[in-house]
Amino acid sequence: MNSKCYCIGWSLVAGLAVSVLALPSLAGGLTLDEALRLAENNAPSLTAQDAKIQAASSAAIPAGELPDPKLLLGVQNYPVGGPDRWSIDQDFMTMQMVGVRQEMPNSDKRKARIEVADAAVERAAAQRRVERLNVRQSTALAWISSYSVERKDALFQDFYKENRLLSNTVLAQIAGGRAQPADAVTPKQEAARLAEQQDDLIQQRRQARAALKRWIGPAANDELVGRLPEWSVDTSGYSHNLQHHPELAAFAPMTREAQAKVREAVSEKQSDWSWELDYQHRGRAFGDMVSVQLSWDLPLFPGSRQNPKIAAKQAELSQLEAEREALSREHTQELENQLADYERLNRAVHRNQDSLLPLAKEKVELSMASYRAGKGDLNAVVAARRELIEARLKQIEVEEQRALTSARLYFAYGEPSQ
């Protein structure tokens, strides 16, 4: 009995373990690709854009339809004086009327309304592409920042270890009479300074995780795995794709919508018309009647009515064209600035790797060797160690900045649009 329960218990534990390991966020950690997928699937702003597209699509369905017909009910020629006053069936002219009226906008106006509605759907879809870019780019930037903070924090275990080795060396020097007893305090001061720097990193970590959580939710608390993205920077390709940036591409449907509104305003100069069919019922002594009526709008004063509306819509179209040109120039400047910044950061990364970091390590080794030989000063060792710590942290910082710049370039000008 107990053996059976024991086996069942282990089976449950094994099953739970398999279930837990099957969860990607717990088993594999949070990669950049997973963060991008979560953001795109869960971002409320994209859900809002989807609803906006649905609203525009629904609004486009009746755009070219005729207005609803009107039902007409009434009494005509009702007597209020004379011998037949207040009677509805004594006077031969009194009629109870029922009819229907249908307004008929001109064909150009209906066509323009359809074009306006279709362009609104396209504009909503284009705005979703802009928001998708913002979501993916912001998620990547937040992931890179969080990942870089974790890399910095991991270095501090090495820093503390090196500080303990320094403390042991100082104690050995004091015991050998080659250092002053006060030198024993210096490693402790350095440890406190390291703890202070790590406190700043803890704050940065929380801020970075909060930024990531904004886009992907609770999964932002998972362990980050992988490495910094390495998107190739194609200068000529990015310049070619500049005009296809979603923010600039969104002006195409916006322009078509504005042009359709101009045509709709122009169509106001053409007459709309309507038809009406009435059936009139009279008293028993008199015959019933049927009436047919047609009516037309008369746009006789375009200078004070239609023309100002046309001018207003044309001005809105010109405004869009100017705004697009201004935004295009802004993106051109931004692209050139980011490309120049990427080149600078790329040089900084290689300079740190090939020169500054190895030299800082060499300086620490030489300073420590001199100190152990009783020829160097402890302050020189501490200063060299500080330079090495700053160089190692600076290496992560420049790699982070290069990755951030690369992400901005890739998502804005390199990622295939959807």
- Report yes or no: do Tyr413 and Gln338 form a side-chain donor-acceptor pair below 3.5 Å? no

Rounded to the nearest 0.5 Å, how far apart are [atom1] of [X] and [atom2] of [Y]?
| X | Y | atom1 | atom2 | value |
| --- | --- | --- | --- | --- |
| Arg402 | Leu228 | CZ | CG | 8.5 Å |
| Glu190 | Ser167 | CD | OG | 11.5 Å |
| Asn168 | Asn163 | CG | CG | 10.0 Å |
| Glu343 | Thr235 | CD | OG1 | 6.0 Å |
| Leu335 | Leu242 | CG | CG | 6.0 Å |
| Arg129 | Glu247 | CZ | CD | 13.0 Å |

Within the 4.5 Å heavy-atom criterion, are [X] and [Y] side-chain neighbours or not?
| X | Y | answer |
| --- | --- | --- |
| Arg205 | Asp153 | no |
| Trp275 | Val100 | yes |
| Leu32 | Leu224 | no |
| Asn221 | Lys213 | yes |
| Asp341 | Asn337 | no |
| Thr405 | Leu345 | yes |
| Phe159 | Arg392 | yes |
| Leu356 | Lys394 | no |

Quick one: does any side-chain atom of [X] pair with a main-chain N or O of [Y] as donor and acceptor, under 3.5 Å?
| X | Y | value |
| --- | --- | --- |
| Arg132 | Leu46 | no |
| Gln137 | Arg408 | yes |
| Arg282 | Gly287 | yes |
| Asn106 | Asp272 | no |
| Asn352 | Leu357 | no |

Where do [X] and [Y] come nearest, in terms of heavy atoms and distance?
| X | Y | value |
| --- | --- | --- |
| Ala56 | Ala120 | CB-O, 4.0 Å |
| Leu30 | Ala219 | CD2-O, 3.5 Å |
| Phe156 | Leu194 | CE2-O, 3.2 Å |
| Pro229 | Ile144 | CG-CD1, 3.9 Å |
| Thr139 | Ala39 | OG1-CB, 3.2 Å |
| Ser45 | Val135 | OG-CG2, 3.5 Å |

- Short N-O contact, Glu325 and Arg329, less than 4.0 angstrom: yes

- Please test Glu150 against Arg209 for side chain to side chain contact (heavy atoms under 4.5 Å, CB included), starting from the C-alpha separation and ending with a verdict. CA-CA 11 Å; Glu150 298 296 340; Arg209 292 295 179 129; 3.1 Å; yes

- Note on the structure: For Ala211, the side chain to side chain contact (heavy atoms under 4.5 Å, CB included) test, sequence neighbours excluded, returns Ala142

Using atom types as modelled, flag every donor-acceptor pair under 3.5 Å from a side chain in residues 250-266 to any protein atom, sequence neighbours excluded.
{"residue": "Thr255", "atom": "OG1", "partner": "Phe251", "partner atom": "O", "Å": "2.7"}
{"residue": "Arg256", "atom": "NE", "partner": "Glu122", "partner atom": "OE1", "Å": "3.1"}
{"residue": "Arg256", "atom": "NH2", "partner": "Glu122", "partner atom": "OE1", "Å": "2.4"}
{"residue": "Glu257", "atom": "OE1", "partner": "Arg123", "partner atom": "NE", "Å": "2.6"}
{"residue": "Glu257", "atom": "OE1", "partner": "Arg123", "partner atom": "NH2", "Å": "3.3"}
{"residue": "Glu257", "atom": "OE2", "partner": "Arg123", "partner atom": "NH2", "Å": "3.1"}
{"residue": "Arg263", "atom": "NE", "partner": "Glu115", "partner atom": "OE1", "Å": "3.0"}
{"residue": "Arg263", "atom": "NH2", "partner": "Glu115", "partner atom": "OE1", "Å": "2.8"}
{"residue": "Glu264", "atom": "OE2", "partner": "Arg113", "partner atom": "NE", "Å": "3.4"}

- Query: So which pairs with a foot in residues 309-322 pass side chain to side chain donor-acceptor pair (under 3.5 Å), sequence neighbours left out?
  - Reply: Gln319-Glu323

- Would Leu378 and Leu166 satisfy side chain to side chain contact (heavy atoms under 4.5 Å, CB included), going step by step from the backbone distance to the final call? CA-CA 10 Å; Leu378 179 59; Leu166 175 62; 4.2 Å; yes

Can you list everything that forms a side chain to side chain donor-acceptor pair (under 3.5 Å) with [X]? Sequence neighbours excluded, please.
| X | value |
| --- | --- |
| Arg151 | Glu399 |
| Arg110 | none |
| Gln401 | none |
| Ser328 | Gln243 |

Quick one: side chains of residues 58-76, donor-acceptor pairs under 3.5 Å with protein atoms, not counting sequence neighbours, listed by atom name and distance.
{"residue": "Ser58", "atom": "OG", "partner": "Gln54", "partner atom": "O", "Å": "3.0"}
{"residue": "Ser58", "atom": "OG", "partner": "Gln54", "partner atom": "NE2", "Å": "3.3"}
{"residue": "Lys70", "atom": "NZ", "partner": "Glu103", "partner atom": "OE2", "Å": "3.4"}

- Message: My understanding is that only residues two or more places apart in sequence, or in another chain, count here; which of them pass ring-ring contact (aromatic ring centres under 6.0 Å, His included) with Tyr342?
- Response: none

- Message: Checking Tyr371 now: which residues fulfil ring-ring contact (aromatic ring centres under 6.0 Å, His included) with it, not counting sequence neighbours?
- Response: none

If you look only at distance, which donor and acceptor atoms sit under 3.5 Å apart when one is on a side chain in residues 291-299 and the other is two or more places apart or in another chain?
{"residue": "Ser291", "atom": "OG", "partner": "Gln280", "partner atom": "OE1", "Å": "3.1"}
{"residue": "Ser291", "atom": "OG", "partner": "Gln280", "partner atom": "NE2", "Å": "2.9"}
{"residue": "Ser295", "atom": "OG", "partner": "Ser274", "partner atom": "OG", "Å": "2.5"}

- Taking the inter-plane angle between the rings of Trp143 and Tyr147 on a 0 to 90° scale, is it parallel (under 30°), tilted (30 to 60°) or perpendicular (over 60°)? parallel

- Working for side chain to side chain contact (heavy atoms under 4.5 Å, CB included), residues His350 and Gln353: CA-CA 5 Å; His350 292 295; Gln353 289 175 342; 3.8 Å; yes

Please tabulate, for side-chain N and O atoms in residues 77-88, each donor-acceptor pair with protein atoms closer than 3.5 Å (sequence neighbours left out).
{"residue": "Asn77", "atom": "ND2", "partner": "Met93", "partner atom": "O", "Å": "3.0"}
{"residue": "Tyr78", "atom": "OH", "partner": "Trp86", "partner atom": "O", "Å": "3.3"}
{"residue": "Arg85", "atom": "NH1", "partner": "Gly82", "partner atom": "O", "Å": "3.0"}
{"residue": "Ser87", "atom": "OG", "partner": "Asp89", "partner atom": "OD1", "Å": "3.4"}
{"residue": "Ser87", "atom": "OG", "partner": "Gln90", "partner atom": "N", "Å": "3.4"}

- Query: Take atom CZ in Arg214; do more than 12 heavy atoms of anything else shown fall under 6.0 Å from it?
  - Reply: no

- List the steps, then state whether side chain to side chain contact (heavy atoms under 4.5 Å, CB included) holds for Lys269 with Ile310. CA-CA 10 Å; Lys269 287 188 170 184; Ile310 295 172; 3.9 Å; yes

